Engineer: 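Would you mind keeping the following structure in view while I ask a few things?
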There are 2 protein chains.
Amino acid sequence: MEPMTTVSVDEPAGQDRKAPGRPRNAQADQAIIQAVFDLLSSGQSADAVSIEAVAARAGVGKATIYRRWPNKEALLVDAVATMKGPLPEPVGESVRDDLIMLISAMRNKRMEHYGKVTMCLLPEIAKSPEMRRIYQGVIEPRRDVMRGVLRRGITSGELRADLDVELTLLMLSGPTAMQNMMHWNPQVPDDNFAERLVDAILRGAGA
Amino acid sequence: MEPMTTVSVDEPAGQDRKAPGRPRNAQADQAIIQAVFDLLSSGQSADAVSIEAVAARAGVGKATIYRRWPNKEALLVDAVATMKGPLPEPVGESVRDDLIMLISAMRNKRMEHYGKVTMCLLPEIAKSPEMRRIYQGVIEPRRDVMRGVLRRGITSGELRADLDVELTLLMLSGPTAMQNMMHWNPQVPDDNFAERLVDAILRGAGA
DNA sequence: ACAATACGATACGAGTCTGTTCCGTATCGA
DNA sequence: TCGATACGGAACAGACTCGTATCGTATTGT
């Protein structure tokens with residue numbers, strides 16, 4: 001907030017910071033974040049994930065965590081932010097293939113793990129505006145990619161001209177998210193899920 | 001762990017139980033359950049809902065709660081069980097109308113309140129098998145009703161003969177649940193949601 | 001009147017969690 | 001070698017929660 005009156009040692013672009021003393025163990029950062037994911041995906045609610053448990057799971061001391069994050073919320077926020085992987089890029093040949101690829105990208109091994117994590121984080125997301133902002137930052141770019149595919153399909157004539165793009169986005173991501181997070185309908189098999197969902201949406205249920 | 005000498009909660013057919021002493025305040029039971037819902041829907045995770053907070057919110061003493069439920073989990077289980085309202089019954093004239101009615105039934109004022117509650121309960125449902133069993137008991141009968149409507153539509157010819165019923169159930173309830181719980185896609189308006197979703201599924205997105 | 005029970009309020013013990021502080025040790029630059 | 005910092009481990013105070021117990025009071029049947 002207020003500027004430092006003492007000699008501020010704001011790090012310049014140069015990475016070769018003075019850094020006297022022992023440098024931090026970069027491995028510890030990864031281990032701590034990974035421990036958060038492990039605990040969350042093993043059925044603990046976000047509230048139930050204690051710093052002590054994270055430290056024990058990561059094999060570090062509590063002080064090592066508090067040296068990096070000021071409190072538990074900051075740690076959780078950072079963990080959510082790292083869920084953001086590389087953006088998938090549609091090929092652009094066929095709308096059907098692009099949609100199948102995008103849905104599949106939500107269901108690879110990494111995301112399968114994140115599904116349970118996300119479910120346990122939902123109360124946090126509902127409660128903390130900061131957390132909601134971070135989470136939106138993960139979701140919205142991906143939704144934008146899919147939105148572009150649908151718009152392109154409309155102009156190319158592959159999709160109905162009067163298609164409701166936003167509703168279709170919901171029809172694609174909603175069932176996918178519910179299955180990822182909680183196997184909402186256990187009767188729907190995982191095999192070829194993306195292909196079957198996209199085809200069902202494209203063709204419709206009417207006779 | 002002495003046996004309860006007091007009146008068991010579920011009264012047998014004979015209502016005029018002996019009941020010496022002051023009778024229980026039936027209003028308190030409702031107030032306690034309602035307090036649980038209020039706290040859950042105001043962004044508290046299930047773990048964060050403390051008995052003391054429930055007592056304060058309901059305007060009762062802690063002892064009044066522990067006189068009715070043995071522990072916190074039993075209270076939450078009972079709260080989830082009371083989310084089960086009357087089963088909606090399809091009219092049976094048109095599949096489209098029945099589906100719209102069923103989706104709308106998930107989105108009335110009571111369910112809108114329950115959406116946030118359910119989201120905050122998801123970690124509990126994921127963790128506790130008992131809670132999951134109760135929750136399934138609420139969901140499954142409703143899914144069965146919708147399943148019946150779809151099957152009838154196939155035999156009547158209103159729906160494609162090769163329709164994947166389970167996938168279609170997921171396509172109906174998945175987007176609805178995501179919108180109810182967290183307004184997953186804020187761009188999709190609430191007005192006529194059920195009608196627009198059902199029509200989109202029936203007609204399909206293809207040109 | 002009297003026993004029996006429920007009520008709201010409060011206090012309590014046992015346990016857990018957060019966030020801080022110290023320890024002895026390990027690892028860096030100078 | 002020396003100062004500075006990080007490390008894992010442990011202890012700690014303060015706060016919170018659960019579940020029980022105990023107040024004084026209110027409300028019932030007998």
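Only a predicted model underlies this, so the values are computations on that prediction, with no experimental measurement involved. The sequence lines fix the lettering, A, B, ..., with proteins before strands; numbering per chain opens at 1.
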Engineer: Would you kindly give the CD1-to-C1' distance between B:Ile32 and C:dG8, to the nearest whole Å?
Structural biologist: 12 Å
Engineer: Take atom CD1 of B:Ile65 and atom P of D:dT17, then tell me their distance rounded to the nearest Å.
Structural biologist: 13 Å
Engineer: Hey, is A:Arg147 close enough to A:Glu140 for a salt bridge, meaning N to O under 4.0 Å?
Structural biologist: yes
Engineer: Picking from A:Asp38, A:Val54, A:Thr82, what satisfies side chain to side chain contact (heavy atoms under 4.5 Å, CB included) with A:Ile33?
Structural biologist: A:Thr82
Engineer: So, is B:Arg22 close to the C:dG8 phosphate, meaning a side-chain N or O under 4.0 Å from OP1 or OP2?
Structural biologist: no
Engineer: Any salt bridge between A:Asp190 and A:Arg107, counting N to O under 4.0 Å?
Structural biologist: yes
Engineer: Nearest whole Å is fine: how far is C:dA6 P from B:Gln27 CD?
Structural biologist: 17 Å
Engineer: Verify the contact: side-chain N or O of A:Arg67 to OP1 or OP2 of D:dC7, cut-off strictly under 4.0 Å; return yes or no.
Structural biologist: yes
Engineer: Among D:dT5, C:dC28, D:dC7, which nucleotide has an atom closest to any side-chain atom of A:Pro20?
Structural biologist: D:dT5
Engineer: So which heavy atom on A:Pro88 is nearest to which on A:Pro90, and how close?
Structural biologist: O-CD, 3.9 Å
Engineer: I'd like to check the side-chain hydrogen bond (donor to acceptor under 3.5 Å, both in side chains) partners of B:Ser173; sequence neighbours left out, ordered by chain and number.
Structural biologist: A:Trp184
Engineer: In whole Å, I'd like the distance from the CG atom of A:Asn25 to the P atom of C:dC28.
Structural biologist: 10 Å
Engineer: For residues 92-103 of chain A, which residue pairs pass the side-chain hydrogen bond (donor to acceptor under 3.5 Å, both in side chains) check, not counting sequence neighbours?
Structural biologist: A:Arg96-A:Glu195, A:Arg96-A:Asp199, A:Asp98-A:Arg152
Engineer: Do any N or O atoms of the protein come closer than 3.5 Å to N or O atoms of nucleotides 14-20 of chain C, and which pairs are they?
Structural biologist:
unit_1	atom_1	unit_2	atom_2	d
C:dT18	OP1	A:Ile51	N	3.3
C:dT18	OP1	A:Lys72	NZ	3.1
C:dT18	OP2	A:Ile51	N	2.9
C:dG19	OP2	A:Tyr66	OH	3.1
C:dG19	OP2	A:Lys72	N	3.4
C:dG19	N7	A:Lys62	NZ	2.9
C:dG19	O6	A:Lys62	NZ	2.5

